[in-house]
Amino acid sequence: MEKGTSPRPRSRNMRLTPGEYSRMVGRASPKSPLRRDVVWAFLVGGGICLLGEWLRKAFLAAGHTLGDAAALTSITLIGLSALCTALGWYQKLAAKAGAGTLVPITGFANAVVSQAIEFKVEGLVTGVGAKMFVIAGPVIVYGTMASWAWGLLYAALRAWG
């Protein structure tokens, strides 16, 4: 063996314990400014919710019923989220605010629209139609199943109580 060289490992596959792997990941991962990230997420998520509340009050002030104001607020937030996603603004905001952009209605709209945009080159049916629910589809399925299960439980409790 030449001077200055280290011996080769006996195996091509490195065998690491879970602790060694965790230490390697910790050294290689960039440090996250946790406090700043939490504050940004809180401010952005709160801002989205504040916008929703402002929209609801504006629709109520315009003379809409409470149910119509709620529906119009949801539609407006979905539309704004879709527009911001299409313009590339939502991704920039999410890069800064992280989980703050996951406010359910806007985050869901972003998940659907971003997939549709990504796969539009594959065509309207096999691209947009087939792929836009890749991320949002499981949420819909499990949400529907959970609401069905809770509905059955609620009905059973009301029948027995």
Note to self: Under the criterion side-chain contact (heavy atoms from CB on, under 4.5 Å), I'd like the reasoning laid out for F59 against T76: C-alpha separation, chi angles, the key distance, then a yes or no.
What the structure shows: CA-CA 11 Å; F59 288 127; T76 304; 3.5 Å; yes

Next item on the list: Report whether W148 and Y154 are members of the same hydrophobic cluster (ILVMFWY, side-chain heavy atoms less than 4.5 Å apart, transitive linking).
Entry: no

Margin query: Test of understanding: clusters of I, L, V, M, F, W, Y form through side-chain heavy atoms closer than 4.5 Å, transitively. Do I140 and M145 belong to the same one?
Written below: no

Margin query: Please report the interatomic distance CG(L102) to CD1(I48), rounded to the nearest 0.5 Å.
Written below: 9.0 Å

Check: CD1/I105 to CG/N110 distance, rounded to the nearest 0.5 angstrom?
Finding: 13.0 Å

Margin query: Quick check on the hydrophobic clustering: are V103 and W40 connected, directly or via other members, by side-chain heavy-atom contacts under 4.5 Å?
Written below: yes

Margin query: I want to check something: taking the side chain as every heavy atom from C-beta on, are C84 and L93 in contact at a cut-off of under 4.5 Å?
Written below: no

Checklist line | Sole candidate of T85, L77, L83 that passes side chain to side chain contact (heavy atoms under 4.5 Å, CB included) when paired with S81 | finding: T85

Next item on the list: Give the minimum heavy-atom separation between G26 and K31, together with the two atoms involved.
Entry: O-NZ, 3.1 Å

Check: Honestly curious: do F42 and V39 fall in one hydrophobic cluster under the side-chain, below-4.5 Å linking rule?
Finding: yes

Checklist line | Beyond-backbone contact of T73 with E53, side-chain heavy atoms, under 4.5 angstrom | finding: no

Check: Closest approach of T106 and T101, non-hydrogen atoms and distance?
Finding: OG1-O, 3.9 Å

Check: Is it true that L72 and L80 fall in one hydrophobic cluster, defined by side-chain heavy atoms closer than 4.5 Å?
Finding: yes

Next item on the list: Identify the heavy atoms of I117 and A86 that sit nearest to each other, and give their distance.
Entry: CD1-CA, 3.6 Å

Item checked: Inter-residue atom distance D37.CG - K96.NZ, 0.5 Å rounding -> 9.0 Å

